[in-house]
Amino acid sequence: MQKRILNLESHLRQTKAGETLFAFAGLFFQIDANDSQCVCNGMLKITRVEIKDGSGKLCCHFILDIENGNEFRTTVQRLFQDLSQRALDMHLGQDFEYLSPVETLEVAESVWFGLTLTFSFKNMRNCSADFVRDRILPALEKRLPLHFQNLQFWEENSEEESQELTARALREFASR
């Protein structure tokens with residue numbers, strides 16, 4: 001019998017290659033830590049991965065601008081890690097399978113901080129724009145001290161149209 005060795009890096013690249021941009025929104029995050037308050041702005045990017053059997057994932061990538069140091073980063077990270085699958089089950093319906101552990105991205109000596117929540121579903125058929133707007137984002141707003149603004153869904157456009165829409169959205173976000 002021949003042994004097969006799984007190349008995790010290659011597997012990860014293949015999985016990420018199937019990700020498509022689904023939606024994005026600005027966000028406002030407010031936390032209290034050790035008698036001081038931190039108000040952060042950021043952006044949410046939602047990607048979608050659908051597997052051949054109809055199952056798949058919605059990945060919520062949070063990019064936060066935290067200028068108040070590591071104390072607030074630690075608090076934000078703890079808040080995201082405290083999200084429980086049980087608390088989300090009631091909001092996300094019977095097709096929701098599980099919430100993957102929170103992934104973090106930190107850039108040394110940067111005010112930017114990233115976190116990813118990955119929601120896995122048995123059936124992606126119901127993971128529509130309405131589902132994201134009416135179920136996922138309200139569930140996160142109930143469990144985290146944040147508010148989403150200007151949710152926009154990505155449409156399948158030509159490469160040129162996509163680049164123009166991305167540039168316009170980033171300009172609007174930066175001008176706030």
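Any value given below was found using the heavy atoms of this structure, including those in side chains, with hydrogens, waters and symmetry copies removed.
- A single hydrophobic cluster is not seen to contain both I51 and L58; linkage of ILVMFWY side chains at heavy-atom distances under 4.5 Å, directly or through other members, places them apart.
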Could you walk me through whether F80 and T104 pass the side-chain contact (heavy atoms from CB on, under 4.5 Å) check? CA-CA 10 Å; F80 274 84; T104 59; over 6 Å; no
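- Taking CG from L64 and CG from L105, the interatomic distance works out to 11.0 Å, rounded to the nearest 0.5 Å.
- At least one side-chain heavy atom of Y98 sits less than 4.5 Å from a side-chain heavy atom of K57.
- Side-chain N/O atoms of S55 and D53 include a donor and acceptor closer than 3.5 Å.
- Atom CZ of residue R135 and atom CG of residue D130 lie 11.0 Å apart, to the nearest 0.5 angstrom.
- Going from atom CG of L27 over to atom CG of L44 covers 6.5 Å, rounded to the nearest 0.5 Å.
- Using cut-offs of 30° and 60° on the angle between ring planes, the pair F153 and F22 is perpendicular.
- Considering CD1 of I46 and CG of L137, their distance stands at 5.0 Å, rounded to 0.5 Å.
- Residues L144 and L79 approach most closely at CD2-O, 3.6 Å, considering heavy atoms.
- Heavy-atom minimum distance, A23 versus L151: CB-CD1, 4.1 Å.
- To the nearest 0.5 angstrom, M43 atom CE is 13.0 Å from D65 atom CG.
- Separation of the F62 and F29 ring centroids does not fall under the 6.0 Å cut-off.
- Interatomic distance, SG of C60 versus NZ of K45, reported as 11.5 Å (0.5 Å rounding).
- Put simply, the side chain of T118 reaches to within 4.5 Å of the side chain of C59, judged on heavy atoms.
- Ring-centre distance between F121 and F131: below the 6.0 Å cut-off.
- For E141 (side chain) and F148 (main-chain N/O), a donor-acceptor pair under 3.5 Å exists by modelled atom type.
- Looking at L140 and L117, their side chains come closer than 4.5 Å, going by heavy atoms from C-beta outward.
- In this structure, H91 and F96 have side chains that are not in contact, with every pair of non-hydrogen atoms separated by 4.5 Å or more.
- Without hydrogens or angle criteria, R48 side chain to T20 main chain gives no donor-acceptor distance under 3.5 Å.
- A 4.5 Å side-chain heavy-atom check between H61 and T47 finds at least one atom pair inside the cut-off.
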